[in-house]
Amino acid sequence: MPRLNHQIILHVMGLLLLCNGGFMLLAVLVSWFYEDGVTIDILAAAFITLFLGVLLMFTTRGHRKEVKKREGYIIVTFGWIFMALSGTLPYVLSESIPAFTDAFFETMSGYTTTGASVLNDIESIPKGILFWRSLTHWIGGMGIIVLAIAILPLLGIGGMQLFAAEAPGPSADKLKPRITDTAKRLWLIYVSYTVAETILLKVAGMSFFDAINHSLSTLSTGGFSTKNISVAYWNDRPIIQYIIILFMFLAGANFVLSYYSFKGRVQKVLHDDEFKWYFFFIAIFTIVASVFIYFEADVALSQIDHPMVWGEAESAFRHALFQVLAIITTTGFVTADYTMWTPFLTILFFGMFFLGGSAGSTSGGVKVMRHIIMIRNGGIEFKRALHPNAILPVRFNGKSIGKGVTFNILGFFILYMLSFIIGSVVLGGLGLDFETAIGGAASSLGNIGPAFGALGPVNNFDILPPIGKWWCSFLMLIGRLELFTVLILLTPFFWRNR
């Protein structure tokens, strides 16, 4: 095996730090505008990050411009770690989150678009820091889109080769110039959605600061809010919650389908297998949850002290739709304490933790595409039992799926469940009760945010011991980067030079 191209790895790390430092300067402007007292601290964090980025890029300027699979795995994994480490600086220097462990947890939660927090009083945090917190979501969210389009298919990660075949730009065998064009188009859609949601939320009654922060969190399917009680703060303004519902739906769908829609190819969107199942899952779970909330969970709607202004039926439907979307898309916003919505709904919502949004979206989780293929492959196995010699391919969007992709997806799901079980056992070993342990592991691995038990939607992750916060940060990272990308680095054969 050829030696690693260390210089290209460090060069890309430097480029990422430069980008991160540039985004910090936006937070500096927000802090300066609102005169929140931490402008110098965020500016110092930006300069440190920019300096390290320039230093890395300058010292590796003569690098060999070749990225193979091993370098790809390292760049993706350590890129997220470098971003998270540098992203802690605004928190630590401003003393908004003075403990490094807590700052790293909050930052990793941001970049992985998980939305789990250790902050007990969000509204007391300076506005520049809150903006940076939301911005880490937005950076991580678009990073995942580019990752799914350009990098993961090349590495053969978790069945993402299938998504590569559907994407308008990349090739699954080698990089081509059109990947850059694809990334630019998706960036444009991402930015446009963010601007549109910000304007709509402002018109609907949010302050501009709250509107931009919630837009950054929504489009990245992150979940960080500027309010202690999240979106429940606006329970008396249903229109605000419906706007967020719309953009959560768009963010959880494949962004390539948005591209097709804007090109006028609506039929391609409507006939897409994953989109149809994505819509079906949301619809059926919303109907079920609405019925149970309306008839059996009156207490759930009074958890937050705001009046129901459009009637009980509408309120039951809105809370159900909002929370179903927040869980399936792994956004994690909260309008009420769903753990109080009867035992049946608690189990239903826990099951949704393992669903996830669409491939090519900013959402985390297993992804709808993988569930479709696993279900269809299971059905075909029954037929093969009766007709062992029959040729029965698994089909997706009318095309036959190769066995390699199917096995990859099955392997991903097995590894995902093993990671969940091990994650739960570790949290249980740290003294957490059963409900809290499995909820914390599922939420961290699926990049969802709120969980169950002591980590439920009205609580946060501050109760975890330091080692628990590091463990959940690790689960967030492997869940966000499709498991294989990170875990392969832990195998001895990956580092052998032959």
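D102 places no side-chain N or O within 3.5 Å of a backbone atom of I97 that could act as its donor or acceptor partner. For the pair S444 (side chain) and L475 (backbone), a donor-acceptor distance under 3.5 Å is absent.
Checking T107 against R133 by side-chain atom types alone, no donor-acceptor pair falls below 3.5 Å. Checked by atom type, the side-chain pair D41/Y91 shows no donor-acceptor distance below 3.5 Å. Side chains of N397 and E274: no donor on one and acceptor on the other come within 3.5 Å. Side-chain atoms of N254 and S361 include no donor-acceptor pair closer than 3.5 Å.
Within a 6.0 Å radius of CD in E123, more than 12 heavy atoms belonging to other residues, nucleotides or ligands are found. Sparse packing is recorded around CH2 of W277, with 12 or fewer heavy atoms of other residues, nucleotides or ligands lying under 6.0 Å away. No more than 12 heavy atoms of other residues, nucleotides or ligands shown are found within 6.0 angstrom of CD1 on I467.
Residues in residues 431-450 take part in no ring pair (Phe, Tyr, Trp, His ring centres under 6.0 Å) pair, two or more places apart or across chains. Applying the side-chain hydrogen bond (donor to acceptor under 3.5 Å, both in side chains) definition to pairs two or more places apart or across chains, those involving residues 197-206 are E197-T218, T198-S215.
A side chain to side chain donor-acceptor pair (under 3.5 Å) with T114 is found for exactly one of T221, T330, N447, namely N447. Between W138 and the choices T194, N213, T113, the side chain to side chain donor-acceptor pair (under 3.5 Å) rule is met once, by T194.
Relative to the six-membered ring of F413, R370 misses at least one condition, a distance below 6.0 Å or an angle of at most 45° to the axis.
Here K469 does not pair with E106 in a salt bridge; the nearest charged N to carboxylate O distance is not below 4.0 Å.
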Under 3.5 Å, side-chain donor or acceptor atoms of residues 419-428 against the rest of the protein: list the pairs with distances, not counting sequence neighbours.
residue	atom	partner	partner atom	Å
S419	OG	L415	O	2.8
S424	OG	F420	O	2.8

